[in-house]
Colleague: 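The structure is given below, and queries will be raised subsequently.
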Amino acid sequence: MRRNGSAGARPRWLAAQACRAVLDRGQALDEVLASLLDKVENARDRALVRRLANGVMRNWPALDFIVRELLERPMRSGDRVIFFLLTVAVHELRDAREPDHAVVHAAVAAAGDFRGGRLRGLVNAVLRNFQRRREALQKQVARDPVRDLGYPRWLIDHIDQDWPGEREGILAAGNAVPPLWLRVNRRCWTPQQALEALEAAGIQAMAMPDFPDALVLRERVRVSDLPGLAEGRLSVQDGAAQLVVDEMALEDGLRVLDACAAPGGKSAHILERADVDLTALDVSADRLIRVEKTLKRLGLDARLQCGDACRPRDWWDDRRFDRILVDAPCSATGVIRRHPDIRWLRRASDVDALIQTQRAMLNALWPLLAPGGILVYATCSVLVAENAGQFQSFLERHADACLIEHSELPGRPGDPGRQLLPGDQDCDGFFCAAARRLQPE
Ligand SMILES: C[S@@+](CC[C@H](N)C(=O)[O-])C[C@H]1O[C@@H](n2cnc3c(N)ncnc32)[C@H](O)[C@@H]1O
């Protein structure tokens, strides 16, 4: 599409399209952005589209409400992209990083090529109207928890029920912009060497005492600018996800199964820690390609296996594993700060289906563990039914499973397992629990 005059028009238009793809069509924001931004050369424009689309996701109920209030009549479905353009602009006006006149100008220009520009006047009028009614509208937003907090009702209620008194903190952490966590590849660098390399590149980072392989960056940097990334010395991985290997008590020579491996972050960490014989399993052949790429960049090797963790008879070679990691598909309610669209893409009914899958996976994989071996169960969820509730019921079903406590590791002691809530130690929300298989009597 040809864009006219205003340089800011194109990023606003793309942000509106991205929001529409997520909120009207149920597509994942990362995937939409990957394809929309493919042809955008200017890095600042790409960053702006991301920031605006993420901002709309975090504030969707308020923005949807405000734009509906400001429109005199509902917008025709064919003009829906203009509705999203208005939500992007209202978000920017509320966010106040740019002068109001620049935001209005860019939004009007962005509407310029749509249907011969006949909605430019409407965009201008709605945004001017917002400037006049801003205070009253903000008060209306603040009166409704869904609009004010920016989450769907079912999730607010679920978190209230699971974490009484912690709701505000969990939801606020989910709306914060996370720091960039790095994992240092122990086979190449110590964290100190990595710190020095980053400093030499003008990037300030800090080590994290409870996370032996991690560094945290507070400033925004382009990931591709990180020294050592292309050579496999560094990877991007949240601190919480890095805790899993410490639960696994890895040693050279063990036979290990990563049962839900893609895109390969934890498989890679396992192989950086020890010389193990690793099978990286995933049900998705497409996602296994990402594991292959991850391991190749790091110079690591695993047996890649496409298969359903709930149906081992389709892929298992009858040789038991010493360690099994079940990094299960889950609601991803712990990583909403990184993927703010998740709250609109997940439904309450998805959670019930995920709980059934997690349960089936644990049941199917436990017999594959050698006596004396360890199974580690992890999710990036904050919902008790997927976490401590799921693992407790697993322990009750398996008399030969003995819980391993890791009180020295970060996280709130769960019952059983350990839970990090979003923002705890600056991490994503995460759950992890481990059990040893007892030797037969
Ligand atoms: C939370 S992600 C795993 C992240 C990965 N462990 C990492 O650290 O990069 C969950 C993965 O489980 C996979 N998955 C979902 N259902 C599965 C099943 N029945 N069997 C095996 N893998 C499955 C998904 O394709 C997805 O890649």
Side-chain angles (χ1 to χ4, degrees), residues 28 30-31 181-183 185 211 213-214 235-248 250 256-273 276 278-298 300 302-316 321 323-336 338-339 342 345-346 350-366 368 375-383 386-387 390 420 427-434:
D30 273 352
E31 283 164 29
W181 282 83
L182 300 177
R183 188 185 75 239
N185 182 350
F211 301 81
D213 299 333
S235 300
V236 174
Q237 188 178 45
D238 191 80
Q242 297 188 36
L243 293 171
V244 162
V245 291
D246 291 312
E247 298 264 2
M248 293 183 75
L250 294 168
V256 180
L257 171 67
D258 182 354
C260 299
K266 294 182 194 70
S267 279
H269 199 190
I270 290 168
L271 291 164
E272 288 169 6
R273 277 288 183 93
V276 298
L278 179 72
T279 300
L281 176 83
D282 204 279
V283 76
S284 158
D286 284 350
R287 286 175 61 81
L288 264 182
I289 296 171
R290 295 178 62 190
V291 182
E292 195 176 358
K293 281 190 188 151
T294 303
L295 298 185
K296 192 169 174 203
R297 179 178 63 81
L298 295 159
L300 301 168
R303 187 176 309 103
L304 303 186
Q305 175 77 55
C306 186
D308 182 344
C310 304
R311 297 173 56 90
R313 79 182 95 90
D314 294 348
W315 49 266
W316 185 42
F321 297 97
R323 301 286 183 271
I324 296 179
L325 171 60
V326 186
D327 188 20
C330 69
S331 62
T333 40
V335 292
I336 281 180
R338 285 180 203 287
H339 304 284
I342 284 173
L345 297 178
R346 289 274 185 282
D350 297 339
V351 177
D352 296 335
L354 285 162
I355 290 169
Q356 294 313 318
T357 303
Q358 295 152 2
R359 181 186 166 96
M361 253 179 208
L362 286 167
N363 284 347
L365 293 172
W366 185 248
L368 278 58
L375 178 144
V376 173
Y377 174 74
T379 74
C380 55
S381 164
V382 296
L383 306 181
E386 295 186 279
N387 295 345
Q390 181 71 268
L420 278 115
C427 287
D428 289 341
F430 199 76
F431 175 81
C432 204

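Here, residue 1 is the first one in the sequence, and each next residue gets the next number. Since we're looking at a predicted model, the values are computed, not measured. All ligand and atom numbering here is 1-based and tracks the order in the structure.
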Colleague: For Gln305, what residues pass the side-chain hydrogen bond (donor to acceptor under 3.5 Å, both in side chains) criterion, not counting sequence neighbours?
Modeller: none

Colleague: Which residue supplies the protein heavy atom nearest to atom 9 (O) of ligand 1, what is that atom called, and how far is it?
Modeller: Gly265 N, 2.9 Å

Colleague: Is Arg311 in contact with ligand 1, taking contact as a heavy-atom separation below 4.0 Å?
Modeller: no

Colleague: Applying a heavy-atom cut-off of 4.0 Å, say which part of Lys266 lies close to ligand 1: side chain, backbone, both or neither.
Modeller: both

Colleague: Under 4.0 Å, heavy atoms only, figure out whether ligand 1 is touched by the backbone of Ala332, its side chain, both or neither.
Modeller: neither

Colleague: Can you confirm, on distance only, whether ligand 1 has an N/O atom lying under 3.5 Å from any N/O atom belonging to Gln237?
Modeller: no

Colleague: Give a yes/no verdict on whether any heavy atom in Ala261 is under 4.0 Å from an atom of ligand 1.
Modeller: yes

Colleague: Under a plain distance cut-off of 3.5 Å, with no hydrogens placed, do Gln358 and Thr379 share a side-chain donor-acceptor pair?
Modeller: no

Colleague: Go through the structure and list residues passing side-chain hydrogen bond (donor to acceptor under 3.5 Å, both in side chains) with Asp352, not counting sequence neighbours.
Modeller: none

Colleague: Could you identify the single nearest non-hydrogen protein atom to atom 15 (C) of ligand 1 and state the distance to 0.1 Å?
Modeller: Pro329 CG, 3.6 Å

Colleague: Taking both backbone and side-chain atoms of Cys310, is any N or O found less than 3.5 Å from an N or O belonging to ligand 1?
Modeller: no

Colleague: Looking only at protein heavy atoms, identify the closest one to atom 10 (C) of ligand 1 and say how far it is in Å.
Modeller: Asp327 O, 3.7 Å

